[in-house]
Amino acid sequence: VKKSGRGQLRFYDPAMSAYAREALVIDGALRGAIAAGELWLVYQPIIDARTGRLDKVEALLRWHSATLGHVGPDRFIPVAEDSGLIIDLGAWVLAEACRQLGAWRADLPQLAMSINVSARQLLDPAFISLVEQALADHGLAPQRLELELTERVLIGNGEQVRAALARLHDLGVSISLDDFGTGYSSLSYLTQFDINTLKIDRGFVTGMVDSPRSHALVATIVAMGHSLGMRLVAEGVETADQARALDVIGCHYLQGYHISRPVAADELLRFAASRSGG
Ligand code: C2E
Ligand code: CA
Ligand code: CA
Ligand code: CA
């Protein structure tokens, strides 16, 4: 930061142009990624805290670029959201996740699938019919699909979002609020939008065994979720102590490295087999 003439601040931010440059490179490479078969999904188990049963998986996008190597979703999803490419990527994720759920029909007939949805996708006029199509293509009951939205999706598009959520609910698809507690006004969303599940952000879960305050906060979120009739998922569960503490306070579902990392489709079957006591 440099001071200019009349005491105004001028910003020289080389990091910003570096980001812009990187975004351009990523966007260019990502444009061909679907056609080149460079994308795949991994699936992270979400288990019942009480029984340990595998109830649901979260589909997470992976990309190995021929030119850039492995690029994580934290780097390429924001770029795709800015460029609009997320519409195509998101449609691919939806179709692929439903295809996989269909392929698991015999082995995991009850499994639910959770997928991450960006604002631009949800607000895209074609989105609802894409969802219907993906379900119909693989003969899946809508109850087996859950869409994860972050607060950023809800911000500023109130009416449109409410309308989209209402149609999804009519269809029978569930909605979950991702990274709960990290946004600006998390609580107000709970009255404004019809949400089935809260995913408690990893940031709160990490501290809950050592910090009484974090523990109290998570317990309060869980109690609130209960009284609102919501399901609760704890994200980022990394230790057995955290898993126990979450079960004690009544959190329904657990997700995190302690249970399993996100895994490829065939590996998920092995995980499921190990959980069913067989
Ligand atoms: P998210 O939706 O909050 O997903 C959870 C992230 O936490 C994943 O990172 C997951 O691998 C990681 N994680 C899970 N358990 C643990 C744990 O115990 N400890 C730690 N440290 N991390 C854990 P990932 O796969 O790199 O995804 C990052 C973000 O990218 C996601 O955050 C989501 O916002 C976005 N993303 C991923 N796939 C998609 C997609 O298909 N569509 C959209 N729109 N966004 C996606
Ligand atoms: Ca998520
Ligand atoms: Ca999350
Ligand atoms: Ca996140």
Side-chain angles (χ1 to χ4, degrees), residues 26 30 33-34 38-47 56-64 70-101 112-124 127 130-131 134 145-154 174-183 186 195-209 218 221 231-243 246 251 253-264 267-268 271:
I26 288 178
L30 198 51
I34 295 177
E38 293 176 349
L39 299 171
W40 73 100
L41 294 178
V42 289
Y43 302 92
Q44 188 172 31
I46 299 173
I47 63 163
K56 189 155 59 180
V57 290
E58 177 177 0
L60 294 159
L61 190 53
R62 294 292 179 263
W63 177 32
H64 187 90
H70 187 80
V71 186
D74 280 332
R75 277 173 72 207
F76 72 78
I77 294 285
V79 173
E81 287 176 340
D82 285 345
S83 72
L85 203 57
I86 193 69
I87 302 281
D88 288 347
L89 282 186
W92 184 85
V93 169
L94 180 66
E96 174 61 12
C98 287
R99 185 201 62 73
Q100 185 59 64
L101 200 54
M113 176 72 71
S114 202
I115 70 174
N116 294 285
V117 172
S118 299
R120 285 176 83 150
Q121 276 181 277
L122 184 71
L123 299 175
D124 185 53
F127 182 67
L130 275 182
V131 171
L145 184 64
E146 182 173 78
L147 305 178
E148 299 195 3
L149 310 175
T150 60
E151 288 168 28
R152 272 192 308 138
V153 175
L154 308 180
S174 303
I175 303 297
S176 91
L177 192 52
D178 206 353
D179 302 344
F180 183 74
T182 58
S186 309
I195 289 157
N196 307 92
T197 304
L198 294 183
K199 298 194 75 174
I200 304 166
D201 190 72
R202 170 159 63 91
F204 301 112
V205 173
T206 301
M208 73 179 290
V209 173
V218 174
I221 294 173
R231 310 299 289 168
L232 291 124
V233 178
E235 298 194 275
V237 181
E238 292 184 343
T239 69
D241 285 346
Q242 289 166 359
L246 287 158
C251 182
Y253 300 107
L254 309 178
Q255 175 179 9
Y257 294 167
H258 172 64
I259 292 98
S260 169
R261 291 188 173 255
V263 296
E267 214 175 313
L268 186 81
F271 176 87

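Note that ligands are numbered from 1 as they come in the structure, with each ligand's atoms numbered from 1 the same way. Please read all numbers here as calculations on a predicted model, not as lab measurements.
Close contacts between ligand 1 and D74 involve ligand atoms 28 (C), 29 (C), 30 (O) [criterion: under 4.0 Å to a heavy atom].
Looking at D179 against ligand 1, only its side chain comes within 4.0 Å, counting heavy atoms. With a 4.0 Å cut-off on non-hydrogen atoms, D178 touches ligand 1 through its side chain and not its backbone.
Heavy-atom separations between P262 and ligand 1 include at least one value shorter than 4.0 Å. Ligand 1 lies nowhere less than 4.0 angstrom from a heavy atom belonging to H258. Heavy-atom separations between R62 and ligand 1 include at least one value shorter than 4.0 Å. Not a single heavy atom of R261 sits less than 4.0 Å from an atom of ligand 1.
Shown here are the protein N/O/S atoms lying under 3.0 Å from the Ca ion (ligand 2), water excluded: E58 OE2, N116 OD1, E148 OE1, D178 OD2.
At least one N or O atom of R202 sits closer than 3.5 Å to an N or O atom of ligand 1. Remark: ligand 1 and P73 share no N or O pair separated by less than 3.5 Å (distance only, no angle test). At a 3.5 angstrom cut-off on N or O pairs, Q121 does not count as close to ligand 1. For a threshold of 3.5 Å applied to N or O pairs, the pair formed by E148 and ligand 1 contains no separation below that value.
For S118 and E81, the side-chain atoms include at least one donor-acceptor pair closer than 3.5 Å. One side chain, T197 or E146, offers a donor N or O that lies under 3.5 Å from an acceptor on the other.
Between E148 and K199 a salt bridge is recorded (basic side-chain N to carboxylate O distance below 4.0 Å).
Scored by the salt bridge (Lys or Arg N to Asp or Glu O under 4.0 Å) test, D82 finds no partners at all (sequence neighbours excluded).
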